[in-house]
Amino acid sequence: MGHISFNPTAKSIFLRLKISSINADRTRDILVALDTGASTTMIPPKVALDLGYDLSNPNDQMITASGIVSTNRITVRKLTAIGETVENIDVVCYNLPEGSIIEGLLGLNFLRHFDVNISFSTGMIELLPR
């Protein structure tokens, strides 16, 4: 069981996401927001490139506030958040707006691997094996 504490009065829940390289020999940690409205986890393209993933051919589209944009959907070796790891999971590579304090989003495709408990009274998130 993984767990983290968070500020229950904050406007968003921020946490660290560890992304493994294509060869699983390196990792990068980024700050993301927990986003239950995002179907797929999102990371910046630069991070994916630095970790050896191929982004040469955009293969997906995403609807944003600005309209439909081309993106890359890739499968990363491992994502680790809230003390738990999911292997071979899809992410969308896209830059959040300039000035954003986060680099990505932790979406439902990661969370659905677990039973998720979010307690605002204690400021704790728990991921329980399903």
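Given the structure is predicted, the values throughout are model-derived calculations rather than measurements.
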- Message: Please give me the minimum heavy-atom distance between A81 and L106, naming the atom from each residue.
- Response: CB-CD2, 3.9 Å
- Would you please name every residue forming a ring-ring contact (aromatic ring centres under 6.0 Å, His included) with Y94, sequence neighbours left out? none
- Closest approach of I102 to V32 (non-hydrogen atoms, all atoms of both residues): CG2-C, 4.0 Å
- Note on the structure: The side chain to side chain donor-acceptor pair (under 3.5 Å) partners of N88 (sequence neighbours excluded) come to none
- Message: Tell me every residue that passes side chain to side chain contact (heavy atoms under 4.5 Å, CB included) with L127, counting only those two or more places apart in sequence or in another chain.
- Response: I82, E84, F110, L111, F114, V116
- Task: Any chance you could lay out the side chain to side chain contact (heavy atoms under 4.5 Å, CB included) test for L79 and I19, step after step, and finish with the verdict?
- Result: CA-CA 5 Å; L79 289 182; I19 307 151; 3.7 Å; yes
- Sequence neighbours left out, what passes side chain to side chain donor-acceptor pair (under 3.5 Å) with N109? Give chain and number order. T41
- Item | Heavy-atom closest contact (I43 atom, A48 atom, distance) | CD1-CB, 4.0 Å
- Message: Can you tell me how far apart OG (S70) and CG (N57) are? Round to the nearest 0.5 Å.
- Response: 11.5 Å
- Query: Tell me the salt bridge (charged side-chain N to carboxylate O under 4.0 Å, His left out) pairs involving residues 110-130, sequence neighbours left out?
  - Reply: none
- For P44 and I30, the nearest pair of non-hydrogen atoms, with its separation, is CD-CD1, 3.8 Å
- Output for pair (E103 CD, L17 CG), nearest 0.5 Å, gives 10.0 Å
- Item | Contacts of T80 that satisfy side chain to side chain contact (heavy atoms under 4.5 Å, CB included) - sequence neighbours left out | K18, T85
- Residues in side chain to side chain donor-acceptor pair (under 3.5 Å) contact with R73, at least two apart in sequence or another chain: T40, D60
- Query: Where is the tightest heavy-atom contact between T71 and Q61, given as atom of each residue plus distance?
  - Reply: OG1-N, 4.0 Å
- Report the distance from atom CE of M42 to atom CG of D35, rounding to the nearest 0.5 Å. 8.0 Å
- Task: Check the hydrophobic clustering (I, L, V, M, F, W, Y; side-chain heavy atoms under 4.5 Å; chains of links allowed) and say if L34 and M124 are grouped together.
- Result: no
- All side chain to side chain contact (heavy atoms under 4.5 Å, CB included) counterparts of D25, not counting sequence neighbours: S21, N23
- Item | Audit row: T75, D90, side chain to side chain contact (heavy atoms under 4.5 Å, CB included) steps and yes/no | CA-CA 4 Å; T75 301; D90 283 358; 2.6 Å; yes
- Query: Taking atom CG of N117 and atom NE2 of H3, what is their separation to the nearest 0.5 Å?
  - Reply: 12.5 Å
- Item | Other ILVMFWY residues reachable from L128 by side-chain steps of under 4.5 Å | M1
- Message: Just to verify, what does S12 make a side chain to side chain contact (heavy atoms under 4.5 Å, CB included) with, not counting sequence neighbours?
- Response: F14
- Message: Do F6 and I125 make a side-chain contact, defined as non-hydrogen atoms from C-beta onward lying under 4.5 Å apart?
- Response: yes
- Message: Is the shortest side-chain heavy-atom distance between I74 and C93 below 4.5 Å?
- Response: yes
- Query: Considering only heavy atoms from C-beta outward, does the side chain of V76 approach that of S20 to under 4.5 Å?
  - Reply: no
- Separation of T27 OG1 from K78 NZ (nearest 0.5 Å): 10.0 Å
- Query: Do F120 and L15 sit in the same hydrophobic cluster, where Ile, Leu, Val, Met, Phe, Trp and Tyr count as joined when their side-chain heavy atoms come under 4.5 Å apart?
  - Reply: yes
- Mind checking salt bridge (charged side-chain N to carboxylate O under 4.0 Å, His left out) for R28 and listing every partner two or more places apart, or none if nothing turns up? D50
- Task: Scan for ring pair (Phe, Tyr, Trp, His ring centres under 6.0 Å) pairs involving residues 19-56, sequence neighbours excluded, and state none if there are none.
- Result: none
- Item | Value rounded to 0.5 Å, distance of CG in D54 from CG in L49 | 8.5 Å
- Same apolar cluster: I22 and V47, side chain cutoff 4.5 Å: yes
